[in-house]
Amino acid sequence: MSTTGKVVGINGNMVSVKTDGNIIMNEVGYILNGDKRLKAEVIRIRGEVAQLQVFEQTRGIGVGDEVSFSGEMLAVELGPGLLGQVYDGLQNPLPELAEKAGFFLERGVYLEALSRTKQWSFKPSVNVGDKVNAGDCLGIVPEGPYDHKVMVPFNLRDEYTVVSVVSEGPYTVSDKIVEAEDPRGGKKSFTMIFEWPVKRPITLFDERLKPVEPMVSKVRLMDTFFPVAKGGTYCIPGPFGAGKTVLQQITSRHAEVDIVIIAACGERAGEVVETLKEFPELIDPKTGKSLMERTIIISNTSSMPVASREASVYTAVTLGEYYRQMGLDVLLLADSTSRWAQAMREMSGRLEEIPGEEAFPAYLESSIAAFYERAGIVRLNDGNIGSVTIGGTVSPAGGNFEEPVTQATLKVVGAFHGLSRERSDARKYPAIHPTESWSKYNGIMPVDHVKYAHDILARSGEIEAMMKVVGEEGTSLQDYIIFQKGEFLDVVYFQQNSFDPVDAAVTPERQKKVFAQILLLLATELNFSDKEEARRWFYQMRQKYLDYNGAEWRSDSFKKYEKEIADILQAKSLGTDKRAASILEDLIK
Amino acid sequence: MSKVYSRIESIAGNVIIVRADGVRYGDLAQINTSFGTSLAEVIKLDNDLVSLQVFAGSRGISTGDEVRFLGKSMQISYSESLLGRVFNGSGEPRDKGPSLSENLISIGGPSFNPAKRIIPRNMVRTGIPMIDLFNTLVESQKLPIFSISGEPYNEVLARIALQAEVDLIILGGMGLKYDDYLYFKETLEEGGALSRSILFIHTAADPVVESLMVPDISLAVAEKFALDGRKVLVLLTDMTNFADAMKEIAITQEQVPSNRGYPGDLYSQLASRYEKAVDIEGAGSITILAVTTMPGDDVTHPVPDNTGYITEGQYYLRNGRIEPFGSLSRLKQQVNDRTREDHRPLMDGMIKIYAAYKEALEKQSMGFQMTEWDEKLIRYGELFEKEMMDLTVNIPLEQALDNGWKILSACFEKEETGLRSSLIDKFWPVDSLKNKAGQE
Ligand SMILES: Nc1ncnc2c1ncn2[C@@H]1O[C@H](COP(=O)(O)OP(=O)(O)OP(=O)(O)O)[C@@H](O)[C@H]1O
Ligand SMILES: [Mg+2]
């Protein structure tokens, strides 16, 4: 008999319940309100009173309403059919909800996350007599572009001996596909579906590895300057309107990973709609199928209940870990982690916990750290490698990075792509700050090459600042050329036109080629008689590069621009910087 | 059936506590005091202790006053009879018309299913070049005007409301100055739009708490009309007053403030209102234009800051003009590719040159040498401010685009504009304004 209780207090979306039995922390309970069952999660237990965060609006709940506890923690369904889905934070499929309830998200309507009627063509990979453990593969079904591994539920501790296996053919997720026996002779049957509690990381792997292989985003500034490794973590803080969402949208399209999970956490519903409508139409060059088939959207937007917003990032990362277990590379993009942190803050306030800075709970830092720790690249028990990469946006109050969520995030991530208001105001997109951002990962370029370009940029910035004081007339030609070199690098390489079909996504191959030419220009001593000549020359070069960036890879016009660029440079060259000698040697190789 | 209680346990701020049974969260109660009756809403339940937020404020309430629970949450009548009417923040008539009680609907309903949304697609014409040309307003957009108090934001709202081709205008006033209320009423009347308007007005003289219901009432009514196929424009002024009312209640409730006294859920509270903006497939739409005054002209103040993170852009009103920098319509790209082919390039091109003008101005003020190019920029900037930014200019988009070309040709050679030659060939005015403008 499961535990029941009665409501004794309500404060916002927190309900206090007096219970008559055992309660599990993070257990799901349902508040019976009229003909509705409202889902809630236990977040604190004090004596016989449990406090629950309700995943719905609490209006209409009264003292004395009955509560029934499920005995299970908040969990998601895992199995084939997750790809291409659009879920809310609790894994309710939103399109199906719309079919059922119409335009609005009515309270208390919960649907199955995975279809129970869809048939999957299952091909077993175990035989009678085989021994299997949690996470082992029982067979595969094709799902979108991938072979979906059907695995032994992750929560089982025993080793099972396979007693029977169905033959190859179509089955639904709830059909029994394998019968097995535990060491004590107990019977167990496996289907293609099982549940996992979202707040517990899945740790069924042999070894966690160091993230070294770059996760290619095809954004130049990221791949060349501030790279992210597969299995790594990064954050994008920035004031409103600086381009966080657009940057994630671009990444979700072009990143070279197997699966992308988009967690729209407490942001605008309209932004999700763009992805929702466009992805089915876009073709993933890697698989030849629609982008939607490699994507899962968790959409718990700003007007949806705050408690399920808190759950949504865990739902997303759990689905990510599940596909990682199949040896796939998963990218999780969370927009925005600040809204998740605020959801924690709201609950903490209702629980009357002692607040920390800006009223965030004291455990803010550890929660953020624990979330990003669920990223990683692992060697699985079967020897395959799988990864979860996490990128989160941060929406700092007042655009000021000196605030708790940004600071706690910076402590744990491996790369920081800080967006700047000045750059976005000047329409310099992506507005990643080129000197304040950083990355601890290795990218696609040699470190000393990147450093050389970066040093010129820093020097250029200093000269620009000085020029504001002494005017152009007070600046030497030498310095003026360095200033122009920095500006040039910014305009033709950092800035990238995400609306241009070619420039929007630049392959590593192309980045290497273009960057080599830029390095050559940066390292070349140029022969100008005055600043006006220098300015004109750089403007001409810029224009050429912009056309070059827009030309199809290796097309005739691409080659033509390349030649022209080399000629224009050659005409003004006085030789090269000695400090760049070893770099230029690399480039020739 | 409703029970009456006549013992108030405590009174603090605008919140009173009574002991009662069978009360539900969000229910309304009526309090009879010596100065009249007021509505109150249940905001907390702790066993039999019921906390109520009193809309008329707690001043003058006696511990012996009667509290009658109505057994329902806030509702508002929905029908065509709302048109042309004026109500207060509790939904009671402010004009001399009858109070309405048929066809009651709940306010603050559930949110729209994201999977049911569509990509916005219709431009809202305003006749203001800084909007139509540079930051186009789109049907179903949610967009605030950021400004300091004293700017003509209410005039801009009223003007857009009259000019926009919408079926219905709903004005939600919060802490509105009485004069501003009269201004809206008269302007709508003169413009012949009052009969298709509904006003929910909370004035600065009314109890602060009463403003809390205004956005929800306005949007609940808007939602019903939109579902019935109407294009609704909702004007909310001033959302900073609404946020301040929330702050007041939070402080009374001894909630730990997050930022400058505002409650931690300010973002969620504002978002649940703004996200009501929607374009409904096969039916109508809700567009929300709001005013957010910025205390101390500080955009990092919690109210404009949280608002900016929620809305789809903002118009900065400063010195009586909509600023080109900082103003943003995030939905403009959904529509400005289908207006006229020179719309997008002119929008970007003219702003870039205007930015260069600002730099030239700075140079001038620092006393650096001015080049011929700088002089051209300064001329351009002056024309731009006069022909585009001045709020008295009221012209259709097409004419604004034509004016853009005239300004460019009056100041620059073709190749100095940075615009594609194919466009220049097509749109560059033949009898250039150059000479005319030169004589001015
Ligand atoms: N890479 C880009 N190219 C062109 N325009 C861009 C780019 N990035 C951003 N923008 C412009 O800036 C606007 C705001 O960008 P975005 O929505 O990504 O901001 P944000 O940082 O997510 O803001 P918020 O925190 O409010 O959600 C976009 O609507 C678009 O007009
Ligand atoms: Mg965003």
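In this text, all values refer to a predicted model and were calculated from it rather than measured experimentally.
Ranked by non-hydrogen atom pairs under 4.5 Å with chain A, the options Ser268(B), Gly26(B), Pro257(B) are led by Ser268(B). In terms of heavy-atom pairs under 4.5 angstrom with chain B, the leader among Arg107(A), Glu473(A), Gln342(A) is Glu473(A). For the set Phe325(B), Phe368(B), Tyr267(B), the count of heavy-atom pairs under 4.5 angstrom toward chain A peaks at Tyr267(B). If you tally non-hydrogen atom pairs under 4.5 Å between each of Val86(A), Val63(A), Leu97(A), Val272(A) and chain B, the highest count goes to Val63(A). Among Ala98(A), Ala343(A), Gly64(A), the residue making the largest number of heavy-atom pairs under 4.5 Å with chain B is Ala98(A). Put simply, of Gly60(A), Gly9(A), Pro95(A), the one with the most heavy-atom pairs under 4.5 Å next to chain B is Gly60(A). Between chain A and the options Ser106(B), Gly326(B), Gly108(B), heavy-atom pairs under 4.5 Å are most frequent for Gly108(B). If you tally non-hydrogen atom pairs under 4.5 Å between each of Ile297(A), Asp88(A), Asp65(A) and chain B, the highest count goes to Asp65(A). Among Asp298(B), Ile310(B), Asp348(B), the residue making the largest number of heavy-atom pairs under 4.5 Å with chain A is Ile310(B). Ranked by heavy-atom pairs under 4.5 Å with chain A, the list Ile118(B), Ile43(B), Leu331(B) is led by Ile118(B). Counting heavy-atom pairs under 4.5 Å between each of Ser73(B), Ala271(B), Ser272(B), Pro114(B) and chain A puts Pro114(B) at the top.
Contacts between Val49(A) and chain B at a heavy-atom distance below 4.5 Å are absent for every atom of the residue. Proximity to chain B (any heavy atom under 4.5 Å) is restricted, for Val470(A), to the backbone atoms N, CA, C and O. Heavy-atom distances place both the backbone and the side chain of Val256(B) under 4.5 Å from chain A. Neither the backbone nor the side chain of Pro120(B) comes within contact range of chain A, judged by heavy atoms closer than 4.5 Å. Of the atoms belonging to Leu49(B), not a single heavy atom falls under 4.5 Å from chain A. Using a 4.5 Å cut-off between heavy atoms, Glu223(B) contacts chain A through its side chain alone, with no backbone atom that close. Within the 4.5 angstrom heavy-atom criterion, only backbone atoms of Thr311(B) (N, CA, C, O) approach chain A. Of the two parts of Ile280(B), only the side chain, counted from C-beta on, holds a non-hydrogen atom closer than 4.5 Å to a non-hydrogen atom of chain A. For Lys244(A), the part lying under 4.5 angstrom from a heavy atom of chain B is the side chain only. For Ser258(B), the parts lying near chain A are the backbone and the side chain together; criterion is any non-hydrogen pair under 4.5 Å. Only the side chain of Gln314(B) comes within less than 4.5 Å of a heavy atom of chain A; its backbone N, CA, C and O stay farther away. Contact of Arg330(B) with chain A is made through the side chain alone, with heavy-atom distances under 4.5 Å. Of the two parts of Glu267(A), the backbone and the side chain both hold a non-hydrogen atom closer than 4.5 Å to a non-hydrogen atom of chain B. No part of Glu254(B) comes within reach of chain A, as not one of its non-hydrogen atoms sits under 4.5 angstrom from that chain. In this structure, no portion of Pro404(A) lies under 4.5 Å from any heavy atom of chain B. Neither the backbone nor the side chain of Arg421(A) comes within contact range of chain B; no heavy atoms are under 4.5 Å apart. Residue Glu56(A): no heavy atom, backbone or side chain, is found under 4.5 Å from chain B.
Note that CG of Asp265(B) and CZ of Arg345(A) are 9.0 Å apart. Values are rounded to the nearest 0.5 Å. Atom CG of Asn33(A) sits about 5.5 Å away from atom CZ of Arg24(B), to the nearest 0.5 Å. Taken from CZ in Arg117(B) to OG1 in Thr301(A), the straight-line distance is 7.0 Å, to the nearest 0.5 Å. Atom CZ of Arg268(A) sits about 8.0 Å away from atom CD of Glu275(B), to the nearest 0.5 Å. One finds the OG atom of Ser16(A) at 8.5 Å from the CG atom of Asn47(B) (value rounded to the nearest 0.5 Å). For the atom pair Ile10(A) CD1 and Ser51(B) OG, the distance stands at 11.5 Å (nearest 0.5 Å).
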| said: For Leu227(B) and Phe104(A): C-alpha separation, side-chain torsions, deciding distance, then whether side chain to side chain contact (heavy atoms under 4.5 Å, CB included) applies. | reply: CA-CA 11 Å; Leu227(B) 285 167; Phe104(A) 296 96; 3.8 Å; yes
| task | Could you give me the CA-CA distance, side-chain angles and deciding distance for Glu346(A) and Gln255(B), then say whether side chain to side chain donor-acceptor pair (under 3.5 Å) is met? | result | CA-CA 10 Å; Glu346(A) 284 184 35; Gln255(B) 280 182 29; over 6 Å; no
| task | Quick one: do Met304(A) and Phe112(B) satisfy side chain to side chain contact (heavy atoms under 4.5 Å, CB included)? Show the steps, please. | result | CA-CA 9 Å; Met304(A) 290 162 72; Phe112(B) 205 85; over 6 Å; no
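More than 12 non-hydrogen atoms from other residues, nucleotides or ligands lie less than 6.0 angstrom from CD of Gln333(B). More than 12 heavy atoms of other residues, nucleotides or ligands lie within 6.0 Å of NZ in Lys358(B), so this atom counts as buried by the packing criterion. The number of heavy-atom neighbours closer than 6.0 Å to CZ of Arg260(B), taken from other residues, nucleotides and ligands shown, is above 12. Counted within 6.0 Å of NZ on Lys277(A), heavy atoms from surrounding residues, nucleotides or ligands total more than 12; the atom is thus considered enclosed. Sparse packing is recorded around NZ of Lys18(A), with 12 or fewer heavy atoms of other residues, nucleotides or ligands lying under 6.0 Å away. More than 12 heavy atoms of other shown residues, nucleotides or ligands fall within 6.0 angstrom of atom NZ in Lys363(B).
For the pair Asn113(B) (side chain) and Leu105(A) (backbone), a donor-acceptor distance under 3.5 Å is absent.
In this pair, Tyr309(B) and Phe240(A) present their aromatic rings perpendicular. The plane angle is above 60°, beyond the 30 to 60° band.
At least one side-chain heavy atom of Tyr25(B) sits under 4.5 Å from a side-chain heavy atom of Thr58(A). Taking 4.5 Å as the limit, some side-chain heavy atom of Glu274(A) sits within range of a side-chain heavy atom of Gln334(B).
Look at Arg59(A) and Asp27(B) and you find no salt bridge, because none of the NZ, NE, NH1 or NH2 atoms lies under 4.0 Å from a carboxylate O.
When every heavy atom of Gln57(A) is checked against every heavy atom of Gly109(B), the shortest pair comes out as NE2-O, 3.8 Å.
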